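Contents: one structure, followed by commentary.
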Amino acid sequence: MKLIAANFIHHRTTTKEDTTILPEVVVFPPFPYLTTAIALLEGTGIKVGAQNVGLETKGAFTGEVAASMIRSLGCDYVMLGHSERRSLYDEIDADINTKVKLCLKENLNVILCVGETEEEYENELLRSVIDMQLKKGLMNIQPSSGDLDRIVIAYEPVWAIGTGKVATPEQAQIAHVAVRQTLSEIFGPNAARKIRIQYGGSVTPASIDDLMSMPDVDGALVGGASLTADSFTRIVDGGVVSLSSTFSSTTTMPNVRPKELTAKECVTTKNALGESPVWSQRDQCLYWISAQEEEVWAWNLQDAPYRRLMGTVVGCIAILNEDNENDINDQKGSLIVAGEKAFLKIHMMSEGTRDFSSGGTVLCNRPEQTEATRPNDGRVDRQGRLVIGMYNNYHRAGSSAGENNAGLYRLNSKLELESLLDYKYRVSNCICFPQEGDVMYFCDTPTRKVYAFDYPKEEGGKLSNRRLVWTVPANLPGGPDGAQVDADGFLWIALSGAGRVMRVDPSTGRVDMVVHLPVDCPTSCTFGGPNLDELFITTRGPDGGGLYRVKMPYGIKGLAEPEFFVDANVNDE
Ligand code: PGA
């Protein structure tokens, strides 16, 4: 204890001003040493917990220790359901559940241990064992009562405890996902995402980094390796590094820092203005543009990316689905391009069409046939129509910075345009739709505010019921650019100028995740990859211009990008 205290005292006490997320550290000595531990660790920030409690609060139960006694010592935690308690002392889930509830009532935090034996693992019973242990152990705990903030789950495969047989990071991840699925069944997906799940079983300084790099491994329960102060400190250090990409249970508190992820460059194009990333399920390919360079880019995540030169400034692109082309090969690579003067149709995937400059076929005029504006951000709605926002061409030069001259339009399958807003703005961005398609997000970038509208599904309707979703905080430079909605309805907004993408809960305006980029200007983002579980981020120069990518943790996924649908009877002219 003295050695651990010495290792920790100078750099482990967290304060609200700290910029690093430090792991919470708790030690669980046997009962007789609890008070000594509390005294020796005072001022270090390390908490103390008990390895068990009795089944009763009051009465004559000689030899038992009540939760209230543990609390009265100044302990913060109790560990329950450890496999040795289950196997050597016949503790059953119903008793463990009683103890969980007694501890929560005493405002103690609980680490609930679950895990399968070797035999159960070999018989592929992992899922059902932990499912049952969790459901019984957490029975009758109300998700709304605040108790959930005080529950941590430790997944400990019995075959790995004290045996030197550590689960591989992949095995641990699979089990942790199963734990989170059960938690999600019990308490709902949002609560499940916030509950920390530790891995336990032969964790050492050598295995901690790989384990903690798994998205669902939020911490470790360490036995043997905690008996040497230095090795325990090194394990905690492993937690410091990795916690920057994992949740801690304190995320339910309002002043808590959001989770941080970092995106890496995956395509090193120097786009002057990368934008409009769309992932095509049909083509298993990511498309995006570089606006002023008049390029449309394609990358299937395997081969070299390639581009097509359009001969016109490009505002945005969408996947095109033509009713009259039944042959899937004809459809493949088909895109609609919002060009400076017109909407165009192009094929990115037909024979011999790589790196060329042949332009596209004109589909129809773009809205506002004026030099003062051009098409900018756009996405396809859930009915297959393209919503397109315009851009004040003088905005960047600043000559009419205050002028609202750009409108918002919708192109339907008959290639008819309708106006969706009865007022104008300067720079359209953030256009995206949640799954239900009855809401549309939008921002006018210079205002730094993101709005939600009720979205009119019927022809001729207007956007209505504008409400503020989020304002860029005053301490961040830049403005909101492109955005995308994930499968849970959260909004991912690229903050151009601030080098990050933020995940905002549109119902509360709270930011709970931040993706950092090493460049200043991310311009838009979308989900892609075969499982829609990667976020792709376009950027622009001068320091940026590459395509960035980050794998989503916690089972976060995107929605399939809808295709723009053109009616068979519409003449291409
Ligand atoms: P171990 O113990 O790290 O020595 O395997 C873990 C535990 O007892 O839970």
Side-chain angles (χ1 to χ4, degrees), residues 1 3-4 7 23-34 37 46-53 75-91 93 95-96 99-100 103 108-121 126 129-130 133-134 137 151-173 175-176 178-179 195-214 216-239 242:
M1 288 296 167
L3 288 172
I4 289 178
N7 281 347
E24 187 178 16
V25 181
V26 191
V27 295
F28 292 84
F31 289 128
Y33 307 113
L34 287 171
I46 300 176
K47 294 172 184 158
V48 177
Q51 298 178 1
N52 190 19
V53 287
C75 289
D76 287 298
Y77 270 85
V78 171
M79 181 188 298
L80 294 171
H82 190 277
S83 80
E84 284 146 27
R85 301 295 321 164
R86 292 175 188 267
S87 63
L88 303 176
Y89 301 93
D90 293 331
E91 268 189 28
D93 289 306
D95 288 346
I96 294 166
K99 293 179 180 186
V100 170
C103 289
L108 286 160
N109 301 294
V110 168
I111 294 187
L112 173 63
C113 305
V114 298
E116 79 292 352
T117 62
E118 185 150 34
E119 196 185 357
E120 287 163 340
Y121 183 79
L126 183 153
V129 169
I130 55 185
Q133 289 177 343
L134 286 169
I151 294 174
V152 175
I153 306 300
Y155 165 69
E156 298 202 292
V158 179
W159 47 270
I161 298 177
T163 58
K165 272 200 241 171
V166 59
T168 65
E170 291 72 23
Q171 281 172 318
Q173 171 63 14
H176 283 221
V179 170
I195 295 178
R196 281 173 294 178
I197 307 172
Q198 303 178 298
Y199 169 80
S202 299
V203 174
T204 62
S207 55
I208 185 70
D209 286 348
D210 288 343
L211 286 165
M212 289 298 291
S213 72
M214 293 290 120
D216 285 278
V217 177
D218 305 326
L221 202 162
V222 189
S226 70
L227 299 177
T228 312
D230 281 348
S231 82
F232 184 58
T233 310
R234 272 186 284 134
I235 289 172
V236 177
D237 284 341
S242 324

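Since the model is a prediction, treat every value here as computed from it, not as a measurement. Note that ligands are numbered from 1 as they come in the structure, with each ligand's atoms numbered from 1 the same way.
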Item to check | Within-cut-off N or O pair, G223 and ligand 1, under 3.5 Å | outcome: yes
Next on the checklist: Using side-chain heavy atoms (C-beta onward) and a distance below 4.5 Å, is R85 in contact with I96?
Outcome noted: no
Checklist entry - How far apart are the C-alpha atoms of S231 and T204, what are their side-chain angles, what is the distance that settles it, and do they pass the side-chain contact (heavy atoms from CB on, under 4.5 Å) test? => result CA-CA 7 Å; S231 82; T204 62; over 6 Å; no
Next on the checklist: In the structure I gave you, are the side-chain heavy atoms of S87 and V158 within less than 4.5 Å of one another anywhere?
Outcome noted: no
Item to check | Heteroatom distance test (G162, ligand 1): nitrogen or oxygen, under 3.5 angstrom | outcome: yes
Checklist entry - What protein heavy atom sits nearest atom 1 (P) of ligand 1, and how far away is it? => result S202 N, 3.5 Å
Checklist entry - Considering only heavy atoms of L221, which atoms of ligand 1 have at least one such atom less than 4.0 Å away? => result 9 (O)
Checklist entry - For ligand 1, does A160 get within less than 4.0 Å through its side chain, its backbone, both, or neither, judged by non-hydrogen atoms? => result backbone
Next on the checklist: Would H82 count as being in polar contact with ligand 1, using the rule that some N or O on each side must be under 3.5 angstrom apart?
Outcome noted: yes
Next on the checklist: Within the 4.0 Å heavy-atom shell around G201, which atoms of ligand 1 are there?
Outcome noted: 5 (O)
Checklist entry - Just distances here: any N/O of E156 and N/O of ligand 1 closer than 3.5 Å? => result yes
Item to check | I161, any N or O under 3.5 Å of ligand 1 N or O | outcome: no
Next on the checklist: With heavy-atom distances below 4.5 Å as the criterion, would you say the side chains of D76 and V26 are in contact?
Outcome noted: no
Checklist entry - Between H176 and Y155, how do the two ring planes meet: parallel, tilted or perpendicular, split at 30° and 60°? => result perpendicular
Item to check | Protein heavy atom at shortest distance from atom 4 (O) of ligand 1 | outcome: G224 N, 2.8 Å
Checklist entry - Just by distance, do the side chain of E116 and the backbone of Y121 share a donor-acceptor pair under 3.5 Å? => result no
Checklist entry - Do P29 and M1 touch side chain to side chain, with heavy atoms closer than 4.5 Å? => result yes
